[in-house]
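All values below come from the heavy atoms of this structure, side chains included, with hydrogens, waters and symmetry mates left out. We're numbering straight along the sequence, starting at 1.
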Amino acid sequence: MEHHLPVIAIVIPCYNEEEALPISAEKLLSLLDRMTADGLISPKSYIMCSNDGSSDATWDVITKLHLRDSRIKGVSLAHNRGHQYALLAGLMEARNHCDAAISIDADLQDDPEAIVEMIKLFREGKEIVYGVRSSRQSDTWFKRTTAHAFYKMQKRMGLDTVYDHADYRLMSNRALDLLSEYGESNLFLRGIVPQIGLDTAIVTYERHERVAGESKYPLGKMLSFSIDGITSFSAKPIRFIFATGVILLFVDIIVAIYVLTSYFAHTTYSGWTSLMISVWFLGSLILIGIGIVGEYVGKIFTEVKQRPRFAIKDKLWD
């Protein structure tokens, strides 16, 4: 019976995806049709496109797709707030109108066929299903190495994240309700979702090339995203600064003993070189320490103002 079938919302954060979105929408609609015909999901299932204040014709494309097929819904942010905020806006808009939501990027590099297995696991009782890459052979050596270094750093900093998982996941309605209670302004969903708990599972898949357009995550943005993730969930960098300071204190004591011994033994030499190296080294450590502490202070500054995380400009519903 239809009323036993889950209503699934596929949430797509979109930023300047006017080229990719028509292709992605067609493929996902075809997938919805197939899963509906197989009796896996309700015919009321739909696609939610969350426009992140795009500067191109992305919202016009979403509007045309909605007029052509009412299963394509849309929400548009008033400003460009970033991938995580657009994704959250789409999830929060969909949570009262679905049994589960699946987030996937518009480029469809994450294999949409994994959605079928996600829904099967959801129907078996899993409330969060992570899409995890089976390998990174398609990546360049540099991207593969930096990605693995990022995950290892997260682990050492105390973050509970899923290895080789981005934001391709299924979340039940109950998981979405729990996610809505996390009110921080500094969003890092890959760190927040594992804290929710509930019954989880993993689906592996092969990553593909973009269906169209260019990547919206160059190295600079990825590095910034990594720093945000670590400083939003771990105080270990500050502890690391303290530990470094303690170690340097012991080094200073040893150096002081050596200098005093040399002084009283009348064996001192001109130490301009070593002095300059020490000044530059310690000065760099101090600036790094101030920068890390400043990162935390900046996040506190953002959080205490309690401003809205995003503003919705337009919606497209039936």
Are [X] and [Y] within salt-bridge range, i.e. N to O under 4.0 Å?
{"X": "D110", "Y": "R207", "value": "yes"}
{"X": "E113", "Y": "R34", "value": "yes"}
{"X": "R71", "Y": "D33", "value": "yes"}

Those residues that, when tested against [X], pass side chain to side chain donor-acceptor pair (under 3.5 Å) (two or more places apart):
{"X": "T36", "value": "none"}
{"X": "D56", "value": "T58"}
{"X": "Y85", "value": "none"}

Residue list, side chain to side chain contact (heavy atoms under 4.5 Å, CB included) with [X], at least two apart or on another chain:
{"X": "A57", "value": "E18, D60"}
{"X": "A100", "value": "I8, F122, L170"}
{"X": "D199", "value": "K126"}
{"X": "R68", "value": "L65"}

Test salt bridge (charged side-chain N to carboxylate O under 4.0 Å, His left out) applied to [X] - qualifying residues, sequence neighbours left out:
{"X": "R174", "result": "E127"}
{"X": "R95", "result": "D177"}
{"X": "E26", "result": "none"}
{"X": "E93", "result": "K315"}

How would you list, by chain and number, every residue that makes a ring pair (Phe, Tyr, Trp, His ring centres under 6.0 Å) with Y130, sequence neighbours excluded?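 By the ring pair (Phe, Tyr, Trp, His ring centres under 6.0 Å) rule, Y130 matches H165.
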
Decide yes or no for I119 and I102: does some side-chain heavy atom of the first lie under 4.5 Å from some side-chain heavy atom of the second?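 Of all side-chain heavy-atom pairs linking I102 with I119, at least one is under 4.5 Å.
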
For the aromatic rings, using the six-membered ring if either is Trp, is the centroid distance between H66 and W317 under 6.0 Å?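 Not close enough - the centres of the two rings lie 6.0 Å or further apart.
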
